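Note that the structure is a prediction, hence the values are computed from the model and not measured. Both counts, for ligands and for their atoms, begin at 1 and track the order of listing. Computed from heavy atoms alone, side chains included, the values below leave out hydrogens, waters and symmetry copies. Heads up: numbering here begins at 1 and tracks the sequence.
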Amino acid sequence: MALTLRVAGDRWRAHLRAVADAHPGIVPVVKGNGYGFGKASLARRSAWLGADTVAVGTYVEVADVLQRFDGDVMVMTPWRPPVRGEQIPYDPRVVHTVGRTNDLLAMGEDAPAGTRIVAEGLTSMARHGFDRHALADAAAALGRLRLQGFAVHLPMAGGRLDEAERWAAVLGASKLADRLETPTLYVSHLTDTELSGLGERRPGLTIRPRIGTALWLGDRGALRPTATVLDVHEVERGERVGYRQRAMPVAGHLVIVSGGTTHGIGLEAPTAASSLRQRATSIAKGGLEAAGLALSPYTIGGKQRWFAEPPHMQASMLLLPRSVPPPEVGAEVAVAVRFTTTTFDAVTLS
Ligand SMILES: *Cc1c(COP(=O)(O)O)cnc(C)c1O
């Protein structure tokens, strides 16, 4: 009776194993909704993979993950001076990210000596990090904080290998590097080819990729999101149904399925006619889009079906034309989801 992620266990585990084996020093990323699996589950799975470090997005995610993973927990959002009442987790297993000299100085006052950090370089991603000209000041501000390595977060497009290498060179030549026992660079979003290219150009550097999507969601064939058919009703053309009492443009069946806004269903950009011109085109073509319905992510009888009205909080109403035999109550139907915005009621491993 739920929105369920069905995982082909052997296939998924084999994929995880293959990705981990192909990326020595991998830092699994365990953040947000845990890529649909939940952070706790991914933290345990990271231990099973033999990872010594996982990365979380934010400080509020740390406590849960520390409880379920014995290794180090790297926080990728940079440290900022705590606002009133905020508790920064200065656990010896937490590795902080720092990207501003002022923050290094403030952290030196706030954090216990020996608190572990990585210094992030500001890439063309332009999100966080030290400008390359700030590295000398950063080295001077390090004080009794313990530097574990450098981090760079690269955009998904562009000349990333060159940029990663430029940063590796700049960081390696900086005074910060004198504070490292093992020169280590944590990188995000490099392809396998780029990773091996960087490794060849910088043999002295330990490169540790931080990987989320390609690890947890890299073998989509092992993942089958399904919804349960909760109810089926016959409906006439013109009959008004739902919260909005919208008149149905065709006769057929209403199919009520599990999954609603709570789960993240229907929160993507609407696919129904969005501009007047598109709308005119679809009216010319006829069909349910012309009637102002939106295409749902649920598949019945091999085709994506239309929402009878916008998704409710925990269920959705679909309109199935008369030509399609409706599914039985209790049947499972496939649903296409964006994993990073979906909260499943259950995750089952076969
Ligand atoms: C989220 C995140 C990652 C992981 O991204 P994926 O695309 O899921 O692999 C890596 N690095 C940083 C800094 C991130 O914020």
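Classification of the F37-W12 ring pair by plane angle, with boundaries at 30° and 60°, yields parallel.
Nearest protein heavy-atom contact of atom 2 (C) of ligand 1 is K31 NZ, 2.6 Å. Atom 10 (C) of ligand 1 has its closest protein heavy atom at S188 OG, 3.3 Å. At the shortest separation from atom 7 (O) of ligand 1 among protein heavy atoms lies H189 NE2, 2.8 Å.
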Please set out all donor-acceptor pairs under 3.5 angstrom arising from side-chain atoms of residues 327-336, sequence neighbours excluded.
{"unit_1": "E332", "atom_1": "OE1", "unit_2": "R6", "atom_2": "NE", "d": "3.1"}
{"unit_1": "E332", "atom_1": "OE2", "unit_2": "R6", "atom_2": "NE", "d": "3.3"}
{"unit_1": "E332", "atom_1": "OE2", "unit_2": "R6", "atom_2": "NH2", "d": "2.5"}

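Close approach of ligand 1 to M76 (heavy-atom distance below 4.0 Å) involves ligand atoms 2 (C), 11 (N), 12 (C), 13 (C), 14 (C), 15 (O).
Using 4.0 Å as the threshold, Y35 has a heavy atom nearer than that to some atom of ligand 1.
Within 6.0 Å of atom CD in E181, 12 or fewer heavy atoms from other residues, nucleotides or ligands are found, so the atom counts as exposed in its surroundings.
Aromatic pair H253/H233: ring centres not closer than 6.0 Å. The six-membered or imidazole ring of Y243 lies near that of H312, with a centre-to-centre distance under 6.0 Å.
Only the side chain of R127 comes within contact range of ligand 1, with a heavy atom under 4.0 Å; no backbone atom does. Both the backbone and the side chain of T213 come within contact range of ligand 1, each with a heavy atom under 4.0 Å.
With hydrogens and angles left out, the side-chain atoms of E163 and S124 include a donor and acceptor closer than 3.5 Å.
Of the N or O atoms in G212, one or more lie within a sub-3.5 Å distance of an N or O in ligand 1.
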